[in-house]
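Encoded as C-alpha cells, the structure appears first; notes follow it.
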Amino acid sequence: MAGASASAASHSLAPWGHRVSSWLDYTINGLIVGNVYALVAVGLALIFGVSRLINFAQGSIYLVGAYIGWVAVVQLHTPLPLTIIVVAVAAAVVGLIIERFGLRPLQNSVRIAPLLATIGISFVLDQLVMLTFSPNPRALPSQLPDVRFQVGGGTIGPLDLLIAGVGLTSALLLFAFLRYSKLGWAVRATAQDRDAAMQMGVDVNRVNQAVFGIAAALGGVSGMLVGMYYNQIDTAMSLQATLKGVVAEVVGGAGNVPGAVIGSLLLGLVESYGVAVFGTSYRNLFAFLLLVVVLVLRPNGLFASARQAPPEPLTGTFIAPSRPVRIPRWALAVAAGGFAVLPFFPVSFYVLQTLINAWLLGMLALSLTLVAGTIGQVSLGHAALLAIGAYSSALLSLTFSVPVGLAIIGGGLMSAALGTALISPSFRLRGHYVSIATLAIGEIVSLVILNWESVTRGPIGISGIPPLSLFGYDLISPPSIYWFSFAVMVVLALLQARLLTSHLGRSFRAIRDDDVAARAYGLSLNRYKSLAFIFGGFAAGVSGGIAAHLYSYINHETFNTQQSILALTVVILGGLGNVVGAILGSVALVGLPEVFRIAAEYRILIYGIVLLLLVRFRPQGLLGTI
Amino acid sequence: MAERSTLMLSLRGLTRRFGGLTAVDAIDLDLASGELISIIGPNGAGKTTLFNLVTGLDRPDDGAVSFEGQDVTGLSPERLAAEGIARTFQLGRVFGNLSVMDNVLIGAHTRLRAVKPAVPVIGPLLELGLALLRPASVKAEEERLREELKAILARFGERLLPRIDQPAYSLSYANRRRVEIARALALKPRLLLLDEPTAGMNPTETAEMQGLVAELKAEGLTILLIEHKLEMVMRLSDRVIVMDEGKKIAEGPGEQVRGDPKVIEAYLGHGLATERESAA
Ligand SMILES: Nc1ncnc2c1ncn2[C@@H]1O[C@H](COP(=O)(O)OP(=O)(O)O)[C@@H](O)[C@H]1O
Ligand SMILES: [Mg+2]
C-alpha cells in the first residue's frame, strides 16, 4: 500500500522534479511519525490481545504523558533521560489506576460496558488535563541540540534519532519481557486463550495490570516525544492519538503486536507521502481512509488469513438485559402538554433557550438511541449526521433559495442518504469495530467539509444562514423557535415510537441481541441496518438543519466529537433504544448543569463521570433498555 | 428409502478447515423428504460446523450442498432461511430482550408478505413506509401470524403460553430451548436442523422434547438432528450418522451403528468423558 501511494506520488511530483531529493525527508518523517504511532498502537494491541477491548482512553494517557513531560522539562528542569523515566512511570500509574478502578469492576458485565467505560475515562482524563493546564497550546522543548545531519538527499536531527532509539529500545524490552519473563508468558497465554490460561492458573488480573501498565508507559512516552517533535502540546492531541493508534492497530490486525508496529510504520508513510502530494490538511483524511478500507476489505488486519474466526466471540450479550419502565400514556401527554404551554407563562428567555437546546439534543439522541440502542451499532461519530444536515440545509436555503422549512427536510434526507451510504461498508463489522468505523467516518466528514472549499467554503464556514421560517413567516421570537423545535422533536419521537412497535422494531432489536441468529432467520443485516440509519439519519439531519438556521453561522467544528459523546451519554442515561429516555436524558443533561450553574468547562467532565457511573451502577439507564 | 421419496438435502464432499484442523472432512449425506437422520459423535467431531455449513453461517472450503435439487453452496443464511431451512443452536440463541412472542415472530419473518413488497431497489423504503403507516393488509397479516404462532407455542403445553409477553432472558434454560424450537417452527421449515435440543434438560423435559420431535416427524417434517442422548436417537432416527474428527465413520440404522467397532472406539477413545458430561 505504501508502494502504491509512493508511485502515485512520484507521478504527480514530476513537474517539480528538482525537489525529488526531499523524498527521503518524507520517508524519514513517515518512519519517525510511524514510530510514535507504534508506541501507542503496541499498547492497544497488547490490551486487545488479553481482553478483546479497544482502549479508547489510550490517547488520553498519551496526552497525560505529554503534560507530565512538560512539567518535568519546563518546571522541574529534569535532564532528558530522567524526563523519559518520569513520564513512563507516571503514565504507567495512570494506566494501573484505569485498569483497577475503571475496568476490573466491569469484568463480568456485558460487552458494551468496558467499551463505554474507556470512552468515559478518556473524556474525564482529557478534561482534567484541560482544567489543570488550560486548553491553550504550550511549547515542549526537546532539550536536544538543534542541528541536522545530511543523510543522502535528506536530513535527520537528534530528535529523530531519539524517537527511533526509544522505539527500538521499547520493542526490544517488550520482546524480552514477552519472551523470557514468567509474566510475559502469562500475557501471551492469556492472549491466545483466556479460558485455558485461567484454568492453568494464570492470574488474569495480574496480566491485565501488566498490560495496562506497559501500554500506558509506552503511550505516555509517545505523547511526550510527539510534543517535543512538534515543540507543541495541546489537549486536542488525545483524540487524534487514539484514532491514529487504533488505525495502526487495526491495519496490523487487532491484538497482533508485531502487526501493530508494521501498521504504524505503514500509516506514518502513507500520511507522510499523502501530505507531500496533497498538503497538510489531508494528513488525517489518509489515515481514516486507510482505516475504512482495511476494515471493509480485511477486518482482521492485513496479516490475518482471510477467513479466520471472527475477532469477537459469537455469543454473549452486548447490552444489559432489563425491563423498561412503563410510563403511562396520559402521563406523557400531560408532560408534553406542560412543555407546550410553557411559553405562555412568564419564563425567562434563558429557560426557553436551554430547553431549545435540549430539544435539538433530543432529536440527535432519538437518532442515536435507535442506531446504538435499538439495533446495537454504537456510533461515536453521530455529530457528522448533524453536520451533513446543517450544511445541506444551509446551502439549500442560501444557494438555491429553498424555503427554510423545506431546506431542513432536505437536510434530513441528505443526512439519511449520505450517512447511510458512508456507514454501509461497515455493516458487517460488529461491536467495537463499529464504534471505530463510525468515529473514523465522523472525522472523514469533518475533514471533507474542511477541504472541499468550493462547496462548503472550507475553514471560513458558512455565515448569513437565513433564520428559521415556516410558510413565509420568520420564527425569530424565542417562543416561536421553542414551539417549532419542540413540535419537530415530538413528531420525530412519535414516529420512532411507532416504528418500534412495528415488525421493524423487533427486527432491529433481534439484530442487536444476536445478529447470527437473526441472519439464520432471514434478516438481512444490510437491509435493516440501512433502514435504521436512514430513519436515524433523518432525525439527526433535521436537528442539524434547525441548528444551522438558529446559529446563522456554522463551520467544520460546529458539530464535533464532544456532541457525539454527549448524545451517547444521553442515550445510556435514558436507556438504550428508549424514546422517552432519550428525551428525558437530553433535558437532564442540558438542564441540570444550568440549574446548578455549573461552569461550561466542567460540563464535559461531568458528562464523562455520569457515563462512568451509569456503566458501573445502572447500565440499563434510568428508564431501561427497550 | 431415499429412492422412494424426493431428495431434500444432499451434501457432497463437504469440507471445512480451521487452520491446520479439518473440522468437517469430505462429508457425503443424502436426506430424503420426510426422513429424520441423527448425527452423533464425540464433542469436537464437527457436527455443529456441519450445521453451520448447511445453513450458510459458514462457507465450505470444498464440496457442495444442494437443497431440493438446487445448488445452494455458499448462499447467505438469509437466503437459505427464505428457502425454508430453519435451525436451532447448540448453546441456545434466543433474542434475550425480545418477548417470547417477538422471538417467534422473528421466526416467521421470511413469511411476511404484505409489509415486505417484493419490489426491487425501493423495496426497503416501502417496507419502512408500510411499517410506519400500517395499512389494513399489514395489520391483518400481523394478526394472522400472531394467532398462528400461538398455536405453535401451544405445542409446548403450558410452558410458554403464559409467558408470551415475558422477555426471553427471564425464562428458564429449558424454556429458552423451547422458544428456539418454536421460533424454528414459525418459519414453516421444509428442513429443520436441531443442534442438541435436549442438552441440559432433565429426564422429564427430555421425554417431552422427544415426544415433540416424534410428532414433527409424524407430520412429515424433514429433520437433521444432532443429539448425544442415544436412547432418543435410537427411537427417532431413520438412519444414524457417526462423525469423528470431521469424518463420517459410520452410517446406517441405529442398532447397526451402535454395534460398529469403529464407533465404540471413537467413543471409548476420547468421547466417554464428554458423553457422561452431556448426559449430566
Ligand atoms: N470458528 C472456528 N474457528 C476455529 N475452530 C473452530 C471454529 N468452530 C469450530 N472449530 C473447531 O472445529 C472442531 C469441531 O467443532 P464443532 O463443529 O463445534 O464440534 P461438535 O459440534 O461436533 O462438538 C472443534 O475442534 C472446534 O474447536
Ligand atoms: Mg456441537
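By convention in this document, chain letters (A, B, ...) are assigned in the order of the sequence lines, proteins followed by strands, and residues within each chain are numbered from 1.
- Of the atoms belonging to B:Leu145, not a single heavy atom falls under 4.5 Å from chain A.
- Proximity to chain A involves both the backbone and the side chain of B:Ile106, based on heavy atoms less than 4.5 angstrom apart.
- If you tally non-hydrogen atom pairs under 4.5 Å between each of A:Ala510, A:Ser530, A:Ala518, A:Ala520 and chain B, the highest count goes to A:Ala510.
- Defined by atom type and a distance below 3.5 Å, a donor-acceptor pair is present between the side-chain atoms of B:Asn52 and B:Arg87.
- Between B:Lys47 and B:Glu227, no side-chain nitrogen of the basic residue sits less than 4.0 Å from a carboxylate oxygen of the acidic one, so the salt-bridge criterion is not met.
- Within the 4.5 angstrom heavy-atom criterion, atoms from both the backbone and the side chain of A:Arg498 approach chain B.
- Here the options are A:Leu525, A:Asn526, A:Val434, the test is side chain to side chain contact (heavy atoms under 4.5 Å, CB included), and the partner is A:Phe427; only A:Asn526 passes.
- Of the listed residues (B:Thr88, B:Leu112, B:Leu187), the greatest number of heavy-atom pairs within a distance under 4.5 Å of chain A belongs to B:Leu112.
- Heavy-atom pairs under 4.5 Å with chain B were tallied for A:Pro324, A:Ser507, A:Ala517; the largest tally goes to A:Ala517.
- Judged purely by distance below 3.5 Å, without hydrogens or angles, the side chains of A:Arg506 and A:Thr374 never pair a donor atom with an acceptor atom.
- Neither the backbone nor the side chain of B:Ala82 comes within contact range of chain A, judged by heavy atoms closer than 4.5 Å.
- Checking side-chain atoms of A:Ser415 against main-chain N and O of A:Phe538 turns up no donor-acceptor pair under 3.5 Å.
- If you measure heavy-atom distances from B:Glu142 to chain A, the contacts under 4.5 Å come from the side chain alone.
- Between A:Tyr528 and B:His109, the ring centre distance stays below 6.0 Å.
- There is no contact between B:Leu80 and chain A, counting heavy-atom distances below 4.5 Å.
- Per-residue counts of heavy-atom pairs under 4.5 Å with chain A were compared for B:Asp102, B:Leu98, B:Val138; the largest is that of B:Leu98.
- With a threshold of 4.5 angstrom between heavy atoms, B:Leu132 approaches chain A through its backbone and through its side chain.
- Side chain of B:Glu196 to backbone of B:Leu194: no donor-acceptor contact under 3.5 angstrom is found.
- Side-chain atoms of B:Thr48 and B:Gln90 form a donor-acceptor pair, as typed in the model, at a separation below 3.5 Å.
- With respect to the salt-bridge test (charged N to carboxylate O, under 4.0 angstrom), the residues B:Glu141 and B:Arg113 do not qualify.
- Electrostatic pairing of B:Glu78 and A:Arg519 counts as a salt bridge here, judged by a charged N lying under 4.0 Å from a carboxylate O.
- Of residues 164-178 of chain B, those residues lying under 4.5 Å from chain A by any heavy-atom pair are B:Pro167, B:Tyr169, B:Ser170.
- Heavy atoms of A:Ile626 lying under 4.5 Å from chain B are absent altogether.
- Between B:Glu180 and B:Arg183 there is a salt bridge, with a side-chain nitrogen of the basic residue lying less than 4.0 Å from a carboxylate oxygen of the acidic one.
- For B:Ala108, no part lies under 4.5 angstrom from a heavy atom of chain A.
- Looking at B:Glu83 and B:Gln70, their side chains come closer than 4.5 Å, going by heavy atoms from C-beta outward.
- Residues B:Leu125 and A:Ile534 are in side-chain contact: their nearest non-hydrogen atoms beyond the backbone lie under 4.5 Å apart.
- For B:Arg79, no part sits under 4.5 Å from any heavy atom of chain A, backbone or side chain.
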